[in-house]
Amino acid sequence: MTTRITPLGIMVLALLREDPMHPYEMLRLMRLRHDDRILNVTGGTVYHTVARLERAGLIAEAGTEREGNRPERTSYALTDAGLASLDEWIRAELVRIDRPVEFRVALAEAHNLDRDDVAALLAVRRAALTEQIADLVAGLNKARPGGVSEQYLIEVDRSRALAEADLAWLDAFLGRLGDPSFAWGPDAHDRTSDRYLTQRKAARE
């Protein structure tokens, strides 16, 4: 991947995997779907991100439209390079344990990958988490008998607790992902449903 893609850029690419859209629709959809709980999403950052992705050849103009007295809007579509970059970014971030924001975005967009691929990538992450927990526990077990005051170990102990909670969640999710009845992938979502069509219509208004 020659272009550095931000987490917001990945969200834009993922949206365009659904259909060509103009930036305002992207912004509205992100807010309707509460993607702004993960990232700070504003009109300025979305339009800037779209411009960067277009310059990089990851998206391309797909047409323009005008409704009533509204300004003309340019729609964008995902290119083959954009699709490849989207998948590559998700794969790279799903295995990492040191980039929490990127991981949250990768997890939110993991449904763009094959179920078995996601399971394999998260298994790599699981191994890294297990190693991290072991290192934290070893550090605590060494520090406490050595007379280090507990007040200096609070952050390390919190990191251990969070890593253990992350591991417990991951094990539970891998179990769900392995169940064939657990719907997975872009095709598992009904884009003809009333809810989906209503949401898309609301985003265009």
Side-chain angles (χ1 to χ4, degrees), residues 1 3-15 17 26-27 29-42 45-46 49 85-186 188-189 195 199:
M1 185 166 24
T3 301
R4 181 180 177 276
I5 309 177
T6 64
L8 181 57
I10 289 301
M11 287 184 169
V12 168
L13 294 179
L15 282 176
R17 193 169 196 171
M26 299 176 201
L27 175 63
L29 268 180
M30 288 181 195
R31 288 176 173 169
L32 287 168
R33 295 174 179 178
H34 304 292
D35 290 332
D36 52 358
R37 75 191 187 283
I38 302 176
L39 296 173
N40 181 31
V41 180
T42 67
T45 56
V46 170
T49 297
S85 294
L86 171 64
D87 288 353
E88 182 181 352
W89 193 97
I90 295 171
R91 291 176 186 277
E93 297 299 336
L94 278 180
V95 301
R96 298 187 62 161
I97 62 173
D98 59 336
R99 290 157 61 96
V101 173
E102 286 80 358
F103 175 70
R104 290 184 68 190
V105 173
L107 194 62
E109 303 299 346
H111 59 270
N112 287 286
L113 303 182
D114 180 78
R115 181 194 303 263
D116 291 339
D117 287 345
V118 172
L121 292 165
L122 290 178
V124 174
R125 176 182 174 81
R126 187 190 187 284
L129 275 173
T130 301
E131 183 177 352
Q132 181 187 55
I133 292 168
D135 289 343
L136 290 168
V137 170
L140 290 168
N141 289 341
K142 181 178 180 181
R144 282 168 173 153
V148 177
S149 174
E150 193 67 28
Q151 64 182 332
Y152 300 127
L153 301 176
I154 295 172
E155 193 282 326
V156 179
D157 193 48
R158 176 180 181 273
S159 295
R160 174 202 54 77
L162 291 177
E164 289 178 347
D166 197 356
L167 181 62
W169 176 87
L170 185 55
D171 283 342
F173 175 69
L174 285 171
R176 295 172 65 199
L177 188 62
D179 183 348
S181 67
F182 182 68
W184 188 260
H189 182 66
R195 182 179 183 278
Q199 187 182 69

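All residue numbers refer to positions in the sequence shown, counting from 1. Just so we're clear, the structure is a prediction, and the values are computed from it rather than from any experiment.
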query: Would you say V118 and H111 make side-chain contact, with heavy atoms under 4.5 Å?
result: no
query: Just how far is it from atom OG1 of T6 to atom CG of L39, taken to the nearest 0.5 Å?
result: 8.0 Å
task: For the residue pair L15 and R33, establish whether any side-chain heavy-atom pair is separated by less than 4.5 Å.
output: yes
message: For the CZ atom on R144, are there more than 12 heavy atoms of other groups (residues, nucleotides or ligands in this structure) within a distance under 6.0 Å?
response: yes
message: Please give me the minimum heavy-atom distance between A143 and L153, naming the atom from each residue.
response: CB-CD2, 3.9 Å
task: Please check if the side chain of R115 supplies one atom and the backbone of G185 the other of a donor-acceptor pair under 3.5 Å.
output: no
- prompt: Pick one: which of D166, L94, T130, L107 meets side chain to side chain contact (heavy atoms under 4.5 Å, CB included) with R125?
  reply: D166
- prompt: Between the side chain of W89 and the main-chain N/O of I10, is any donor-acceptor distance below 3.5 Å?
  reply: no
- request: Please round to the nearest 0.5 Å and tell me the distance separating atom CG of L86 and atom CG of L113.
  value: 7.5 Å
- prompt: What's the shortest heavy-atom distance between M11 and M30, and which atoms?
  reply: CB-CE, 4.0 Å
field: Value rounded to 0.5 Å, distance of CG in D35 from CG in L29
entry: 8.5 Å
- prompt: Would you find a donor on one side and an acceptor on the other, under 3.5 Å apart, between the side chain of T45 and the backbone of V41?
  reply: no
message: To check you understand the geometry: which heavy-atom pair defines the closest contact between A110 and I90, and what is its length?
response: CA-CG2, 4.1 Å
message: Tell me if the CD atom of Q199 is crowded by more than 12 foreign heavy atoms within 6.0 Å.
response: yes
statement: Residues T49 and G9: closest non-hydrogen pair is CG2-CA, 3.5 Å
message: Could you tell me if the side chain of L167 sits less than 4.5 Å from the side chain of E164, heavy atoms only?
response: no
- line: One should read off an interatomic distance between Q132 CD and D135 CG, to the nearest 0.5 angstrom, of 8.0 Å
query: When rounded to the nearest 0.5 angstrom, what is the spacing between CG in L136 and CG in N141?
result: 11.0 Å
Interatomic spacing from CG in D179 to CG in L174 - rounded to 0.5 Å: 13.0 Å
message: Is any side-chain heavy atom of R17 closer than 4.5 Å to one of D87?
response: yes
query: Which atom names give the shortest non-hydrogen contact between L177 and A119, and what distance separates them?
result: CD2-N, 3.8 Å
